[in-house]
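Everything below concerns the one structure shown next.
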Protein chains: 2
Amino acid sequence: MTKRSTSKPASAAPTRRLSQELVIDAALAHIDRSGPHGLTMRSLAQDLGVEAMALYRYVHGKEDLLEGVVNRLMGDLTAELDEELAEHWQGFLQMFAHRVRRIAIEHPKAFPLVATRHPAAPWLRPPLRSVEVVETLLSTLVQQGFSDQQAVTTYRLFSSFLLGQLLLESSVRGADTGPVEEPLDEGDATIPHADGELTLDDAPEVLRLRPLLSEDRSDEEFEISLEALLDRLDRELSQ
Amino acid sequence: MTKRSTSKPASAAPTRRLSQELVIDAALAHIDRSGPHGLTMRSLAQDLGVEAMALYRYVHGKEDLLEGVVNRLMGDLTAELDEELAEHWQGFLQMFAHRVRRIAIEHPKAFPLVATRHPAAPWLRPPLRSVEVVETLLSTLVQQGFSDQQAVTTYRLFSSFLLGQLLLESSVRGADTGPVEEPLDEGDATIPHADGELTLDDAPEVLRLRPLLSEDRSDEEFEISLEALLDRLDRELSQ
DNA sequence: GCCGTCGGTTTACAACGTAAACCACAGTAG
DNA sequence: CTACTGTGGTTTACGTTGTAAACCGACGGC
């Protein structure tokens, strides 16, 4: 109604009763299409066909809302784990990794939040942010013969791996799924800032390898790297 | 002068002439102590003993300023590389990795910006965000016998590794170097939100391993993981 | 002397997060 | 049936943000 043109995909007021779950879901949906930057209390409210202040019945504030969103995202990570796979730590970790990756892929714009948002406890490393998840992971590992130290280290290695890989991946996916973010102005000053099409003169190698560079190998790369990590763990375990 | 109490460490107006460099440096310093969230055009201006709008002579806007900051951070990555080390790709990558790590450690609060801020080109993966850096990296690799594909993959693996490792590391370091961020209120609603001291009942394993978990092994872990990555690359190279 | 241009300030505004007061209704108690 | 109270939502309001636009003083060249 105002003048924003940035995608208000109808659904003006389909629901007649709010709830925290509903709010958070709407928030996630909104982020999915316009990025975290595009999420505003008012715009979200409008999505729900309601006034901004109404949201405050269900969330403490924006910060809290975002917290809710990442919980929503990473929440059902421990849900219904396949007992079969969980029997060997390799399969277990693999399954876990793929679950997280699926989330990152389904919500490329939202996933970075998981990384940014600092966790409740310093030893809760993104993207495995809930005590529940860490608990199942650690207990499973220890239960399968990992020493305490090994379990913890594995947890650390595993999370760095996931974070690095998926953050990067979701960043590129999030970009081409509609870079609705910051159109911003043109014009320049004395700033070295990003040129319209990037100066890759005197960068012959980059120029030459450009097709290779823009290729999307994320699937195989993830698989391979994960495999490498597991191998490495396996080696360190038996040694 | 207003009423902010959040650390204005003197230095009211030591300089009589502004410059883009100066502005960006001040911004970085400000972020270093209060986090990106605490950086405000007005507060930054005040640090420089000047009015907010003055900054716009040197930066296009806040977004641009942040861009400048990350460039400043990652800028001199290619400066004066040790020819000795660059003779073997292993030493080369190692040196690179340590340089980046040093930056992440010296600016824990600022480093996440490097990850968040999306790069000019999609194939420019954080934290190696400048064409220059990527150019030297790629050319060095190719020049030492890497195939094109191998060079590119190495670049990818290397950046994921750095990003995951250092983002996590800087996040914990940034936290205990003064969590000036979002003190926010107390009180609750129907929200699952982080309890004051986190409920780790029914998380016996986490509870038990807590000392292990909060231990800081980042130094060795980085070294070891880097080593592992290099080994893996070496293996894939010869095979 | 006058005149741009450069560096900074003043003023202004729209958009944001959110506190506080307000209102409309639905149950329920009497 | 009426009065009371809590619950869900709106209105109004305020402070803080980023930034556009107009303004202004000093200073160097003609």
Side-chain angles (χ1 to χ4, degrees), chain A residues 1-6 8 12-23 26-27 30-31 34-69 181-191 193, chain B residues 1-6 8 12-23 26-27 30-31 34-69 181-187 189-191:
Chain A
M1 285 302 175
T2 49
K3 68 287 210 72
R4 286 213 160 274
S5 62
T6 44
K8 286 283 125 56
T15 322
R16 259 309 147 227
R17 200 68 162 204
L18 248 46
S19 80
Q20 153 155 273
E21 174 140 3
L22 217 157
V23 168
H30 195 111
I31 293 179
S34 344
H37 217 85
L39 179 70
T40 231
M41 287 315 241
R42 300 191 220 259
S43 69
L44 174 57
Q46 175 171 334
D47 278 12
L48 291 158
V50 100
E51 223 58 27
M53 286 311 292
L55 306 178
Y56 285 83
R57 293 253 163 217
Y58 305 96
V59 261
H60 284 145
K62 202 186 184 186
E63 219 58 37
D64 209 18
L65 172 62
L66 292 197
E67 200 73 28
V69 170
E181 320 235 6
E182 29 200 339
L184 266 166
D185 57 326
E186 209 55 34
D188 56 20
T190 347
I191 298 199
H193 100 295
Chain B
M1 282 301 176
T2 49
K3 68 286 207 78
R4 286 214 160 271
S5 61
T6 42
K8 288 282 125 59
T15 323
R16 259 310 147 225
R17 199 71 165 202
L18 247 47
S19 80
Q20 154 156 278
E21 173 140 5
L22 218 157
V23 169
H30 195 111
I31 293 179
S34 345
H37 217 84
L39 179 70
T40 232
M41 288 315 242
R42 300 192 220 261
S43 69
L44 174 57
Q46 173 170 336
D47 278 12
L48 291 158
V50 100
E51 223 60 27
M53 286 311 292
L55 305 178
Y56 286 82
R57 292 256 161 213
Y58 305 95
V59 254
H60 286 146
K62 203 187 183 186
E63 219 58 36
D64 208 19
L65 172 61
L66 291 198
E67 200 73 28
V69 169
E181 321 235 4
E182 29 201 341
L184 267 167
D185 55 326
E186 209 55 33
T190 345
I191 299 197

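Chain letters run A, B, ... following the sequence lines, proteins first, then strands; residues in each count from 1. None of these values were measured; they are calculated from a predicted model.
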Would you kindly give the [atom1]-to-[atom2] distance between [X] and [N], to the nearest whole Å?
X: A:Met41; N: D:dA13; atom1: CE; atom2: P; result: 21 Å
X: B:Gln20; N: C:dC6; atom1: CD; atom2: C1'; result: 17 Å
X: B:His37; N: D:dT16; atom1: NE2; atom2: P; result: 15 Å
X: B:Met53; N: D:dA20; atom1: CE; atom2: C1'; result: 7 Å
X: B:Leu44; N: D:dT16; atom1: CG; atom2: P; result: 18 Å
X: A:Glu51; N: C:dC16; atom1: CD; atom2: C1'; result: 15 Å
X: A:Asp64; N: C:dT18; atom1: CG; atom2: C1'; result: 14 Å
X: A:Arg57; N: D:dT11; atom1: CZ; atom2: C1'; result: 13 Å

Please confirm whether any donor atom in the side chain of B:Arg42 sits under 3.5 Å from an acceptor in the base of D:dG18, or the reverse.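 Present.
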Measuring from atom OH of B:Tyr56 to atom CE of B:Met41, what distance do you get when rounded to the nearest 0.5 angstrom?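 Here the rounded value is 3.5 Å.
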Under-4.0 Å side-chain N/O to phosphate OP1/OP2 contact, A:Tyr56 with C:dA20: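 Indeed not, no polar side-chain atom of A:Tyr56 lies that close.
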Please determine if a side-chain N or O atom of A:Thr40 lies less than 4.0 Å away from the OP1 or OP2 oxygen of C:dA15.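 False: A:Thr40 side-chain N/O out of range (4.0 Å or more) of C:dA15 OP1/OP2.
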Could you check whether any side-chain N or O of A:Thr40 sits under 3.5 Å from a backbone N or O of A:Ser43, counting only pairs where one atom can act as donor and the other as acceptor?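 Side chain of A:Thr40 to backbone of A:Ser43, a donor-acceptor pair under 3.5 Å: no, none is there.
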Main-chain N/O of B:His30 paired to B:Ser34 side chain as donor or acceptor, under 3.5 Å: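 Looks like yes, one N/O pair under 3.5 Å.
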Could you pick out which residue, B:Lys62 or A:Leu55, lies toward the 5' side of DNA chain D when each is mapped onto its nearest nucleotide?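 The answer here is A:Leu55.
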Do you know which two heavy atoms are closest between A:Ala26 and A:Leu48, and how far apart they sit?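 Minimum heavy-atom separation between A:Ala26 and A:Leu48: CB-CD2, 3.7 Å.
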